[in-house]
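Chain naming here is simple, since letters A, B, ... match the order of the sequence lines and numbering starts at 1 in each. Values reported hereafter were calculated over all heavy atoms of this structure, with side chains retained and with hydrogens, waters and symmetry mates removed.
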2 protein chains.
Amino acid sequence: MSRSLSRTPAITDVAKLAGVSVPTVSRVLTGSVPVSPERRERVLRAIQELGYRPNGAARALIKGHQSVIAVLAGATTRYGYALTIQGIEEAARLAGYIVMITVIEADDPETVSKTIDLALANPVAGVIVLKFDPAGIATVRAMPPGVPVVAVAGSRGSGVPHVVLDDTTAAMTATDYLLELGHRTVHHIAVPLAGRRSGRSAGWRKALERAGAEVPPLMEAGWDPHRAYEIGLTLADRDDVTAVLCGNDELAIGLLRALHEKGRRVPEEISVVGFDGHPLGALWSPALTTVQQDFVDVGRRAFGEVVAIIGKSQPPQNSSGTPQLVIRESSGPPPAARRR
Amino acid sequence: MSRSLSRTPAITDVAKLAGVSVPTVSRVLTGSVPVSPERRERVLRAIQELGYRPNGAARALIKGHQSVIAVLAGATTRYGYALTIQGIEEAARLAGYIVMITVIEADDPETVSKTIDLALANPVAGVIVLKFDPAGIATVRAMPPGVPVVAVAGSRGSGVPHVVLDDTTAAMTATDYLLELGHRTVHHIAVPLAGRRSGRSAGWRKALERAGAEVPPLMEAGWDPHRAYEIGLTLADRDDVTAVLCGNDELAIGLLRALHEKGRRVPEEISVVGFDGHPLGALWSPALTTVQQDFVDVGRRAFGEVVAIIGKSQPPQNSSGTPQLVIRESSGPPPAARRR
DNA sequence: GAGTCCCGTGAAAACGTTATCATCACTGCG
DNA sequence: CGCAGTGATGATAACGTTTTCACGGGACTC
């Protein structure tokens, strides 16, 4: 099938074997200009025989950019992150793009700038930053000018175009729901803050304030379900806690485990609401009430936005995803309301 | 800080501004050849002022390859896949490489070859294929010659270098454990097969045969926990099922939910063992017994292997990861043994 | 003091592709 | 029959960088 050659075949080898000029081979490959059927056939045969594959670097050099989208993220395995990346990858692949993933380990300026340099050392067409955490925020801030960049975030922001998942509204919806059930207030175990005035924790606070409910101190659990479990062990001993909104479903599951161990019944004694719509949450006992976010879609939208910026075309309608409250078994009226 | 320029600055602009030749700028950037401190200083200042960033495509063109590793995978969000990718990315970033992710949607030849073409249209230094499923197998088979490629798999294979996670041994360990507890046999809900003679299902079968136990028909659940849930609903009505080994933890959780709904007690009536070591499994009630695999490590090893192939150096000691049985609450002796 | 070596430097070539331009043959029209 | 128009083709330039080569000057050796 493929002739042996000391080096990987280049377009000149194909041209020589097919008995045509180099540009003609290029024209067959790109299809930009018609080529006579007879020559086209010879070229294709030569390509086949040599196992020729166009050099992407040379193409990128002359085209001025490459079909590569860089994704910068603080993590890749957490549910929301992984799904967003999935959406980006899917949309990119369908459009003939490839995604590069680079993890930002920390939010200190040196790490951030080193990571950005590493990513931009490659010829990228555009950048998508997952601005879900402090590392993401620092990255957006440190991005050099001139690079097409889009941020995916839980709320709108300035500086670069943002594609948002309305976390604030989502948290308000969930909090309102619990208040309407009769809970006097809602406690909150938070994921790392991505901005004081917006995001999940802000929505929770806003909903409580609007309802005139007491705002209990926010409990930070990082990203670790075990930390939420520990918090849950202390929470289980308190009578004043009847509803807890968790920053994500993993934390909610850690909390559920702690309440279960302590013999607290959910939702009879305490209601628990998660965040994200993790598929395993539905399989818990009790099945987890959660606020579902369409991460895959936000990933797709982010890709569309980047492509629009690159192509200088009008960006697609920048609708923010509408979060959906999925009521399952882990939430209900507080004990006081039940006694009535 | 940075001068305005109609186009993105190239090395010639830096050279002109610094008053040196183009190669001198290159020498400052690469550090390959010493440059006098005074000129070096001027060059660095010019780079700073222009906001210059070397063009990766041009570099890749002349170097013959790029510091990019392509990862081809059947999925990115499933626990094992995501962790393996995390390990690859981490090791790659530390070595100054970056990873490209491409998902193989299906295992038909056309999809596979189109996806490979898309990935290899970029100048990649090497390829890592996640051979965890049929799509991965088809991809390894369809890889064109001449590209450095490493497969990550649940068992050894031929053709290309494999970095393995010993699924067969892992499944045997889990099955042996259940048999030793006194179960007459072990049922199995399988993830999609990645080879008949090896992998998780093969280890399960091998352990049963070696122990002279009956081998019940294998139940395929794909990757969907809900499918495992449905299987669990039917399993719950059967008295002969006392132990179930699941192809991964997500399936095990689906099964647990079904058993819970049907009022079957775990582990008193039925033991359930999962696979992977998913962190949420520990938070279930009952906490899930599982076989933990070090996916992050296998990802790191795969990267090391690819780099070794590229550099033609000796590959690092190719130890296969040792799976670890983590006994928690979801497994125990069968009802018969308990009555004794 | 003359020859040799080494170090820093710049000019030019090279990487593999696509874009631009000119050329040539052919067709269609007057 | 002549001319304009069209369509396919090849020569050449261009992309931005690194590598190779040659050169000049200073330090060292004998």
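No donor-acceptor contact under 3.5 Å links the side chain of B/R40 to the base of C/dG8.
Atom C1' of nucleotide C/dA19 and atom CG of A/L61 are separated by 13 Å, given to the nearest angstrom. Going from atom NZ of B/K16 over to atom P of D/dG16 covers 12 Å, rounded to whole Å. Across the protein-nucleic acid pair, A/R27 atom CZ and D/dG7 atom P stand 14 Å apart, rounded to whole Å. Distance A/N55 CG to C/dT17 P: 6 Å, rounded to the nearest Å. With rounding to whole Å, B/I47 atom CD1 is found 10 Å from D/dT17 atom P. Whole-Å rounding puts the B/K63 NZ to D/dG16 C1' distance at 13 Å. Computed from coordinates, the B/L29 CG to D/dT19 C1' distance equals 15 Å when rounded to whole Å.
B/S26 comes within 4.0 angstrom of a nucleotide base, judged by non-hydrogen atoms across all strands. The residue B/S32 sits apart from the nucleic acid: no heavy atom pair falls under 4.0 Å. Here A/V35 lies in heavy-atom contact (under 4.0 Å) with sugar-phosphate atoms only.
The shortest distance between the side-chain N/O atoms of B/R59 and the OP1/OP2 oxygens of D/dT18 is below 4.0 Å. At the phosphate of C/dT9, OP1 or OP2 sits under 4.0 Å from a side-chain N or O atom of B/R39.
Both B/S36 and B/I62 sit near DNA chain C, but only B/S36 has its closest nucleotide nearer the 5' end.
Of the charged side-chain nitrogens involved, none lies within less than 4.0 Å of a carboxylate oxygen, so that B/E305 and B/R301 do not count as a salt-bridged pair. Salt-bridge check for A/E110 with A/K114: failed, with every basic side-chain N at 4.0 Å or more from each acidic carboxylate O. Taking the charged nitrogens against the carboxylate oxygens, A/R45 and A/E49 have no contact shorter than 4.0 Å, which rules out a salt bridge.
Between D/dT9, D/dT17, C/dT18, one nucleotide has an atom nearer to the side chain of B/Y52 than all others, and that is D/dT17. Set against C/dG8, D/dT9, C/dG10, the side chain of B/T24 has C/dG10 as its closest nucleotide. Side chain of B/I11, nearest nucleotide from C/dT17, D/dG16, D/dG10: D/dG16. The side chain of B/V22 lies closest to D/dT18 when the candidates are D/dT9, D/dT19, D/dT18. Each of D/dT9, C/dG10, C/dT17 was ranked by its minimum atom distance to the side chain of B/V20; first place goes to C/dG10.
Looking at heavy atoms from C-beta onward, B/M143 lies out of side-chain contact with B/V160 at the 4.5 angstrom threshold.
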